[in-house]
Amino acid sequence: MKSLSTIERAACEAAGAEPMLAQVQSWSAVNSGSRNLAGLKTMAGLLADAFAPLPGPIALDSPTPVKAVDPDGSVRVVDHGAHLHLAVRPDAPVQMLLTGHMDTVFPVDHPFQSQRWLADGSLNGPGVADMKSGIAVMLAALKAVESSPLRDRIGYEVIVNSDEEVGSASSAGLIARAAQGKAAALTYEPALPDGTLAGARGGSGNFSIVITGKSAHAGRNPDDGRNAIVAASDLVLRLARLRTPTLAVNPARIDGGGPNNVVPDHAVLRVNFRPAGLEDEARARAELDRAVAAVAAGHDVSIHVHGSFGRPPKPIDPAAERLFGLVRDCGTDLGLTIGWRKTGGVCDGNNIAACGIPVVDTMGARGGAIHSPDEFLIPESLPERAMLSTLAILRIAERGRP
């Protein structure tokens, strides 16, 4: 850390000394699967206590109502947990947004619920990488910033949502509002095991398409029916043909049908689109509309499309390049090699970038095998990444921008 100023060195050392591993282990012991409302409530309380030393009001914001389509085509409201929201020095000259998520992909009845140490020294456990360690890294960095004489130059909002792993539909509005006017944003998804960051990301859109036909006896008068399963299958084939190297299309499931002697009058098609760029997303939207209209007319059925492109593509524009460059240079000054590459995954960084705010969204600890029972955290990366965030925040505070 020879090239660090005295102020920077002191803050980085303070960040690295925080008890992050103990926090990760404590938080990982709480199941906070996206649909486990009781576990999320417990987790939100623990996080509110942990973030309480920071000088700003902490709120547990109510989730925005979100609708879902059941297999029978009915629409219901899905409950989500509250989102932790903290604002510090909103009048400071430089403003940043820091985000994370408290939910995991492991429901309360999943067999993967406990932690164990692996032979290589890494920690295996639910959410240890994705992203309870990231929250610990974020908190350590912010505590260190608060110990610095530069703290009055920087204000920030923190959002730790409860629904990132299911698309952030109930927190997207909160994140978009918090992003306004920010110089930069950091999100604490895990870095790859070697420390590589995610750069450009594609987008994602999830749709539930309800098809309503007309039932009839399959033997006596099948021509009087309008087969919703056949219409759904036609739509599947049309959508599958839209696939290109920059647009992945995955028709994932058809719900519906019934007895063999009844023409089915109902089906629900679930489909996911992964556009690499904004032009691909626009094409997917237009082609979906055209395919739906053609199938509805050709099969004499009614079709209702639910869903959206909840994660816009995240290109690396010049502002994002500058922020990545700052993080890279901070890493160099800490003895770390920081690189990045594009990825097909999505996260809240997609939504932040769509607000026009530069974001690095893998500022969390190093780890891997996320979304599986093999998920692991590399513990020695906790102080390393806390120092990286601390230095990046302080330099943004000094410069007024990335």
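Residue numbers count from 1 along this sequence. These numbers come from a predicted model, not from an experiment.
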pair [X]-[Y]: side-chain heavy atoms closer than 4.5 Å:
X: Arg285; Y: Phe309; value: yes
X: Glu164; Y: Cys347; value: yes
X: Arg366; Y: Leu382; value: no

Please determine if [X] and [Y] form a salt bridge, counting it only when a charged side-chain N lies under 4.0 Å from a carboxylate O.
X: Glu287; Y: Arg290; value: yes
X: Lys182; Y: Glu157; value: yes
X: Asp91; Y: Arg89; value: no
X: Asp300; Y: Lys214; value: no

Just checking, any donor-acceptor pair under 3.5 angstrom between side chains of [X] and [Y]?
X: Ser34; Y: Asp163; answer: no
X: Ser133; Y: Arg385; answer: no
X: Asn261; Y: His217; answer: no
X: Asp348; Y: Thr99; answer: no
X: Ser170; Y: His83; answer: yes
X: Asp103; Y: Ser32; answer: no

Heavy atoms from other residues, nucleotides or ligands near CG of Asn260 exceed 12 (cutoff 6.0 Å)
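No, because the 6.0 Å sphere around CG of Asn260 holds 12 heavy atoms or fewer from other groups.
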Taking everything shown except Gln113 itself, do over 12 heavy atoms lie less than 6.0 Å from its CD?
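For Gln113, atom CD is crowded (more than 12 foreign heavy atoms under 6.0 Å).
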Which heavy atom of Ala267 sits nearest a heavy atom of Ile254, and at what distance?
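So the two residues come closest at CB-CG2, 4.3 Å.
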Of all heavy-atom pairs between Asp224 and Ala216, which one has the smallest distance, and what is that distance?
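It is C-CB, 4.1 Å.
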What's the spacing between Leu377 CG and Met131 CE if we round to 0.5 Å?
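Output value for this atom pair is 12.5 Å.
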With sequence neighbours excluded, tell me which residues meet salt bridge (Lys or Arg N to Asp or Glu O under 4.0 Å) with Glu375.
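So Glu375 forms no salt bridge (Lys or Arg N to Asp or Glu O under 4.0 Å) with any residue.
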Contacts of Arg35 that satisfy salt bridge (Lys or Arg N to Asp or Glu O under 4.0 Å) - sequence neighbours left out
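Arg35: no salt bridge (Lys or Arg N to Asp or Glu O under 4.0 Å) contacts found.
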Taking side chain to side chain donor-acceptor pair (under 3.5 Å) as the definition, give me every residue that meets it alongside Arg341, ordered by chain and number, with sequence neighbours left out.
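Partners of Arg341 under the side chain to side chain donor-acceptor pair (under 3.5 Å) test: none.
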